[in-house]
Amino acid sequence: MTSANTLFEHFSSIDDPRQQGKVQHPLFDILFLTISAVIAGCQGWEEIEDFAHDKLSWLRKFIALSNGVPRHDTIARVISRIDMTQFQACFSQWMQSCSELTDGSVVAIDGKRLKGSFKQPDRKDAIHIVSAFACENGVTLGQCKTDSKSNEITAIPELLQLLELKGCLVTIDAMGCQKEIAKQIIEKEADYLLALKANQGNLFEQVKQFLQPEISRQIATDSLLTEVDYQRGREEFRAAVVCHDMAQIPASASWPNLQSVGVIVSYRKADNQQQGELTYRYYISSANMSAQRLAEATRAHWHIENSLHWCLDVAMNEDGCRIRRDGAAEVLAGVRHIALNLLKKETSFKKGVRAKQLKAARNECYLEKVLNSK
């Protein structure tokens with residue numbers, strides 16, 4: 001199946017918001033053009049139109065473009081009016097069809113602010129996108145918009161509803177440490193690993209009091225699981241402790257299927273510092289965690305920052321994008337996720353995302369290879 005057919009199969013169900021009698025450029029044609037242009041590094045509507053003029057013969061291998069190249073304002077108007085609920089559902093279905101998750105796969109959920117999407121002078125209305133990231137596969141599984149950081153609590157359940165998570169371990173920071181979110185993950189036949197902070201007062205204090213003696217005991221018996229890491233002029237010492245005796249933590253009874261509590265103790269010191277920093281990060285999980293598994297899963301969670309958010313900012317200049325008309329910022333964020341997934345899945349060219357974009361812009365054969373990557 002060709003790239004256009006695969007995308008058409010999953011995205012053609014999106015309703016076209018225009019009056020059908022006046023449509024000159026089909027919705028999917030504009031969407032496929034936009035995805036292809038973003039893969040090749042385009043960042044604005046005029047760049048997408050220029051790409052279409054340069055690649056018109058190649059594009060017509062996949063889409064008709066029977067009325068020629070749509071103008072940049074047409075592209076902007078159509079993309080900005082796409083129903084994002086439908087787009088999110090299509091995106092998740094497409095990813096489920098081309099990305100297989102194995103039992104125990106870590107799926108990290110976190111939010112990112114689109115800094116250029118603000119409208120007000122105080123810049124406080126920039127949207128947030130909450131994403132689910134398959135850490136092992138390095139691809140985004142789904143996304144959902146929230147208007148402000150505090151509303152991630154309401155966006156996460158909407159995102160979870162879109163995902164197929166059976167057998168996975170879902171990791172979320174303290175913002176998502178909520179009983180209803182934990183319950184929803186269990187109902188998805190998955191396990192949760194949630195960062196625990198003072199927003200869960202009684203549980204947080206009880207877990208701290210329970211684990212502190214265990215940390216001291218394991219240090220004294222030399223049974224503490226430890227790791228030492230040195231890179232970029234910084235040395236870090238990490239230790240993991242896990243306990244399963246929930247009877248010692250009364251507040252755990254109200255949490256669905258809570259089986260493990262744990263802590264990561266880390267000590268970081270840069271070469272130019274005389275004294276380092278000691279931190280304790282606490283977690284709760286429905287999985288029967290070992291210390292080794294806790295250490296691995298908490299490290300994997302940070303892939304969403306390093307392999308997704310960093311790539312979107314540095315390679316795709318997402319924070320520099322000032323597109324904010326109607327729903328355009330959100331839809332274009334989704335297009336960037338599609339493009340990034342495809343660029344990462346193409347592995348014959350052993351370079352970074354930006355280098356792949358530049359090659360796709362120069363080489364139509366490579367652009368087609370990215371679109372067909374699985």
Side-chain angles (χ1 to χ4, degrees), residues 1-40 42 45 48-49 51-52 55-100 129 131-132 139-145 158-159 161-164 323 325-343 345-346 360 364 367-374:
M1 184 176 289
T2 68
S3 52
N5 287 340
T6 303
L7 290 167
F8 182 80
E9 178 184 350
H10 293 283
F11 287 91
S12 61
S13 61
I14 297 175
D15 293 333
D16 194 327
R18 299 167 291 174
Q19 296 181 17
Q20 291 306 300
K22 298 180 180 180
V23 170
Q24 293 186 3
H25 304 283
L27 175 61
F28 181 76
D29 283 17
I30 292 176
L31 187 57
F32 184 83
L33 162 60
T34 303
I35 292 170
S36 301
V38 172
I39 288 173
C42 297
W45 307 126
I48 293 172
E49 181 186 348
F51 170 87
K55 306 290 184 182
L56 182 57
S57 296
W58 177 84
L59 284 165
R60 280 178 168 159
K61 293 169 58 178
F62 308 98
I63 52 179
L65 291 177
S66 54
N67 290 311
V69 172
R71 289 179 55 83
H72 62 271
D73 54 351
T74 299
I75 298 170
R77 184 174 62 255
V78 173
I79 293 295
S80 67
R81 295 178 63 194
I82 287 177
D83 185 309
M84 197 57 201
T85 301
Q86 293 182 338
F87 184 91
Q88 290 165 353
C90 293
F91 181 93
S92 297
Q93 292 164 9
W94 172 64
M95 283 310 303
Q96 288 172 25
S97 73
C98 61
S99 183
E100 183 176 352
I129 297 292
S131 302
V139 295
T140 305
L141 301 176
Q143 63 167 29
C144 189
K145 172 191 171 184
E158 294 179 21
L159 177 58
Q161 192 63 36
L162 297 172
L163 304 175
E164 176 58 55
I323 289 172
R325 173 180 179 175
D326 298 327
E330 187 180 0
V331 176
L332 201 57
V335 169
R336 282 190 289 265
H337 280 91
I338 293 172
L340 186 58
N341 282 355
L342 291 170
L343 286 161
K345 283 177 171 288
E346 202 302 294
E364 293 176 357
L367 174 57
E368 187 169 343
K369 197 170 190 178
V370 171
L371 279 161
N372 284 320
S373 59
K374 296 181 179 180

So which heavy atom on [X] is nearest to which on [Y], and how close?
X	Y	value
Gly68	His25	O-CE1, 3.4 Å
His337	Ile129	CE1-CG2, 4.3 Å
Ile39	Val370	CG2-CG1, 3.8 Å
Gly334	Gln143	CA-NE2, 3.2 Å
Ala329	Ile323	CB-O, 3.4 Å

Problem - Pairing residues for His10 by the side-chain hydrogen bond (donor to acceptor under 3.5 Å, both in side chains) criterion, not counting sequence neighbours - result: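 Applying side-chain hydrogen bond (donor to acceptor under 3.5 Å, both in side chains) to His10 gives Ser97.
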Problem - For Arg60, side-chain hydrogen bond (donor to acceptor under 3.5 Å, both in side chains) partners two or more places apart - result: none
Problem - Intermediate values then yes/no, side chain to side chain contact (heavy atoms under 4.5 Å, CB included), Leu332 and Thr34 - result: CA-CA 9 Å; Leu332 201 57; Thr34 303; 4.1 Å; yes
First locate atom [atom1] of [X], then atom [atom2] of [Y], and finally report the distance between them rounded to the nearest 0.5 Å.
X	Y	atom1	atom2	answer
Leu31	Ser36	CG	OG	9.5 Å
Leu27	Arg18	CG	CZ	6.0 Å
Gln161	Ser92	CD	OG	10.5 Å
Ile35	Ile30	CD1	CD1	12.5 Å

Exercise for the section: Check each of Leu162, Leu159, Asn341, Leu163 against Leu141 using the side chain to side chain contact (heavy atoms under 4.5 Å, CB included) test, and report the only one that passes. Expected result: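 With Leu141 as partner, side chain to side chain contact (heavy atoms under 4.5 Å, CB included) holds for just one option, Leu163.
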Exercise for the section: Can you run down the salt bridge (charged side-chain N to carboxylate O under 4.0 Å, His left out) pairs that involve residues 89-99, sequence neighbours left out, and say none if there aren't any? Expected result: none
Exercise for the section: Could you name each residue pair satisfying salt bridge (charged side-chain N to carboxylate O under 4.0 Å, His left out) that touches residues 332-343, not counting sequence neighbours? Expected result: Glu318-Arg336
Could you tabulate the donor-acceptor pairs under 3.5 Å formed by side-chain atoms of residues 76-89, not counting sequence neighbours?
from	atom 1	to	atom 2	distance (Å)
Ser80	OG	Ala76	O	3.0
Ser80	OG	Arg77	O	2.9
Arg81	NH2	Pro17	O	3.0
Asp83	OD1	Thr85	N	2.9
Asp83	OD1	Gln86	N	3.1
Gln86	OE1	Asp15	N	2.8
Gln86	NE2	Asp15	OD2	2.8
Gln88	NE2	Glu330	OE2	3.2

Practice task
Report yes if the side chains of Phe32 and Leu65 come closer than 4.5 Å at any heavy-atom pair, otherwise no.
Solution key: no
Not counting sequence neighbours, which residues clear side chain to side chain contact (heavy atoms under 4.5 Å, CB included) with [X]? List them please.
X	result
Asp73	Arg71
Cys90	Phe11, Ser13, Ile14
Glu364	Lys55, Trp58
Ser12	Phe8

Exercise for the section: Go through the structure and list residues passing salt bridge (Lys or Arg N to Asp or Glu O under 4.0 Å) with Lys345, not counting sequence neighbours. Expected result: none
Exercise for the section: Decide yes or no on side chain to side chain contact (heavy atoms under 4.5 Å, CB included) for Leu33 and Leu59, but give the supporting numbers first. Expected result: CA-CA 7 Å; Leu33 162 60; Leu59 284 165; 3.8 Å; yes
Practice task
Carefully, step by step, assess Val69 and Glu49 under the rule side chain to side chain contact (heavy atoms under 4.5 Å, CB included).
Solution key: CA-CA 7 Å; Val69 172; Glu49 181 186 348; 4.0 Å; yes
Handout entry: side chain to side chain contact (heavy atoms under 4.5 Å, CB included) between Trp94 and Thr6, intermediate numbers included
Key = CA-CA 8 Å; Trp94 172 64; Thr6 303; 4.0 Å; yes
